Amino acid sequence: MKSSDVAADKLQGLNLSYNGIKASGFRWLSAVIRSDRTLKSLRLDGNECGETGHELAMAIKENRSLQTLTLSRCDLNSEQGVAVGTALSAQTTISRLELHDNTLGDDGVGAIMKALHTNKALTYLDLSNTKIGDRGGNAIAGMLKNNNSLRQLHMRQNNVKGAGDNVAEALRGNSSLLALDFAYNDFSYKSFTSVGVCLLKNQKNWKREATPRLMTQIDSLKVDEARLHGAQEDIVQEIKRREVTQATLAQKKEHIRQQVAQYGRSLKRLEEEVNEVAMQRAKDEEAMAQKSDELAREKQKQENIRRKIENKIKSEEEKTARIKKETAKIELEIKAYVERSEQEFAPQHAERKAATEEQAKAKDETKTLAEELSKMELRVKELERKVGKDSEAKSPSAPQSRPGTASQRPGSRRQSTASRSSKSKGQGRK
């Protein structure tokens, strides 16, 4: 059943029999049963609760709305039967409980019977084929002595033998049980007959008390009728309110329809804009992809150039290293050659140095001689001038040839002086 079919707060009956529910499903159902306040009938026959039987029993104990619960063929064991009995001791709403075809055993049934000593809500109990023995039969007999609310008890297909006499004896003092199904148990004929007589007596009493009981129910129904009349008036008022609400809802619905149409148009425009933006984005992405490819190619190109430059630099560095190595070698050779040359040409350098010193000395001597010649020439000139003046003063009428002769003498002196200076220069050069 889908949550959309029936609201959770209106669900009153749920039948999940033979749906293959396992432990995890029972764990979820236990949580629902524990918190639910409207569910009245729950059928879980033919599923496997497994180890979650205790959780289910605790959920039943806390529930306050269930009236019918069926757990037949749910693989309940004796320990889980004990847990169900503990839950029934605190239960006040469940009136019909079906547990047939489970392995409850004497312990599980005994716990359930102990709970019915105080439970006044349960009127129908089915324990058929639940592995009950004489010990469980004696627990049933003890329950019948104290319980006055159970109307039907089914315990067929069990193994109750001698305890049947105790059940029959307890039933003589019980006035509420109207039906007891104990077929396929080993009751004695006496017990069988006694049970039949007791049940017939209880049924007659039930019929005899039907009129007062029905009158009580009628009185209760009258009260319910008055409540129903008030409820009908409330329903009429609710219908009117709903009609007004429906009209308001119709107006709101029309308004919403118009808004939806407007929103649809706006959405269509937005979709067109989105498509345009998407197309532009696709173009931009394509252009970006192209640029990315170009950048990748350029990057690869730059990487290749960088690698070439690095290789060239490496080659040049290797070449430079070789050149430096060769240069160092050549420098060593030059140094060795210079040292050998200095050793070989040391005498020539000494001779050249001595010749240079002699040339400097001769040059100094030549310079000194030249200075002396210059001084001597100046003195000769002065003497000539002086001699000329004296001769003119002594003989003014002397022939002209004599001064000429006198003039040639100084010239001859100058020539001799010049010849001597040239000879001294030549010796200096040599």
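Heavy-atom basis, side chains included; hydrogens, waters and symmetry copies ignored. What you see is a predicted model, and the numbers here were worked out from it, not measured in a lab.
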Can you name the closest pair of heavy atoms from [X] and [Y] and give their distance?
X: Ser89; Y: Ala115; answer: N-CB, 3.6 Å
X: Leu39; Y: Ser65; answer: O-OG, 2.8 Å
X: His100; Y: Asp126; answer: CD2-OD2, 3.2 Å
X: Leu144; Y: Ala170; answer: CB-CB, 4.0 Å
X: Ala59; Y: Ser30; answer: CB-O, 3.2 Å
X: Ser176; Y: Ser149; answer: OG-N, 3.7 Å

Mark yes or no for whether [X], through its side chain, and [Y], through its backbone, hold a donor-acceptor pair below 3.5 Å.
X: Thr368; Y: Asp364; answer: yes
X: Asn102; Y: Leu76; answer: yes
X: Asn185; Y: Met155; answer: yes
X: Asp134; Y: Gly162; answer: yes

Spacing of [atom1] belonging to [X] relative to [atom2] belonging to [Y], to within rounding of 0.5 Å:
X: Leu150; Y: Asn119; atom1: CG; atom2: CG; result: 9.0 Å
X: Leu69; Y: Ser95; atom1: CG; atom2: OG; result: 10.5 Å
X: Asp75; Y: Glu51; atom1: CG; atom2: CD; result: 10.5 Å
X: Ile323; Y: Lys325; atom1: CD1; atom2: NZ; result: 13.5 Å
X: Gln80; Y: Thr103; atom1: CD; atom2: OG1; result: 8.0 Å
X: Asn147; Y: Leu116; atom1: CG; atom2: CG; result: 5.5 Å

Do [X] and [Y] come close enough that some side-chain heavy atom pair is under 4.5 Å?
X: Leu71; Y: Leu56; result: yes
X: Thr38; Y: Asp36; result: yes
X: Asn174; Y: Cys198; result: no
X: Leu42; Y: Thr68; result: no
X: Leu104; Y: Ser78; result: no
X: Ile112; Y: Leu99; result: yes
X: Glu98; Y: His154; result: no
X: Val380; Y: Glu377; result: no

Does [X] [atom1] have over 12 foreign heavy atoms under 6.0 Å away?
X: Lys40; atom1: NZ; answer: yes
X: Glu79; atom1: CD; answer: no
X: Arg352; atom1: CZ; answer: no
X: Arg306; atom1: CZ; answer: yes
X: Glu286; atom1: CD; answer: no

If you look only at distance, which donor and acceptor atoms sit under 3.5 Å apart when one is on a side chain in residues 253-268 and the other is two or more places apart or in another chain?
from, atom 1, to, atom 2, distance (Å)
Glu254, OE1, Arg257, NE, 3.2
Glu254, OE2, Arg257, NE, 3.4
Glu254, OE2, Arg257, NH2, 2.4
Glu254, OE2, Gln258, NE2, 3.4
His255, NE2, Gln259, NE2, 2.7
Ser266, OG, Gln262, O, 3.0
Ser266, OG, Arg269, NH2, 3.2

Taking atom types as modelled, find out whether [X] and [Y] have a side-chain donor-acceptor pair closer than 3.5 angstrom.
X: Thr123; Y: Arg96; answer: no
X: His117; Y: Asn146; answer: yes
X: Thr93; Y: Gln91; answer: yes
X: Ser188; Y: Ser191; answer: yes
X: Asp45; Y: Thr70; answer: yes
X: Glu294; Y: Gln290; answer: no
X: Ser17; Y: Asn19; answer: no
X: Glu233; Y: His229; answer: yes

Sequence neighbours left out, what passes salt bridge (charged side-chain N to carboxylate O under 4.0 Å, His left out) with Arg151? Give chain and number order.
none
Sequence neighbours excluded, the answer for salt bridge (charged side-chain N to carboxylate O under 4.0 Å, His left out) partners of Lys145 is none
Salt bridge flag under 4.0 Å for residues [X] and [Y]:
X: Asp101; Y: Arg73; answer: yes
X: Asp107; Y: Arg135; answer: yes
X: Glu326; Y: Arg322; answer: no
X: Lys314; Y: Glu310; answer: no

Take Ile330 and Ile334, measure what side-chain contact (heavy atoms from CB on, under 4.5 Å) needs, and give me the verdict at the end.
CA-CA 6 Å; Ile330 291 170; Ile334 290 171; 3.6 Å; yes
Could you give me the CA-CA distance, side-chain angles and deciding distance for Gln232 and Val236, then say whether side-chain contact (heavy atoms from CB on, under 4.5 Å) is met?
CA-CA 6 Å; Gln232 286 178 349; Val236 171; 5.6 Å; no
Sort out for me which residue in Asp106, Ile140, Val109, Ile132 forms a side chain to side chain contact (heavy atoms under 4.5 Å, CB included) with Asn158.
Ile132
Any side chain to side chain donor-acceptor pair (under 3.5 Å) pairs touching residues 196-212, not counting sequence neighbours?
Asn205-Arg208
Acceptor/donor pairs from residues 21-29 side chains to any protein atom, 3.5 angstrom cut, sequence neighbours excluded:
from, atom 1, to, atom 2, distance (Å)
Lys22, NZ, Glu48, OE1, 3.3

Honestly, is Arg156 close enough over Tyr184, meaning NZ or CZ under 6.0 Å from the six-membered ring centre and within 45° of the axis?
no
For Phe192, all residues meeting ring pair (Phe, Tyr, Trp, His ring centres under 6.0 Å), sequence neighbours excluded:
Phe182
Checking salt bridge (charged side-chain N to carboxylate O under 4.0 Å, His left out) for the pair Glu357/Lys361: CA distance, chi angles, key distance, verdict?
CA-CA 6 Å; Glu357 291 176 355; Lys361 186 176 180 181; over 6 Å; no
If you apply the rule salt bridge (charged side-chain N to carboxylate O under 4.0 Å, His left out), what do you find for Arg281 with Glu285, and how did you get there?
CA-CA 6 Å; Arg281 182 178 179 181; Glu285 288 179 352; 3.2 Å; yes
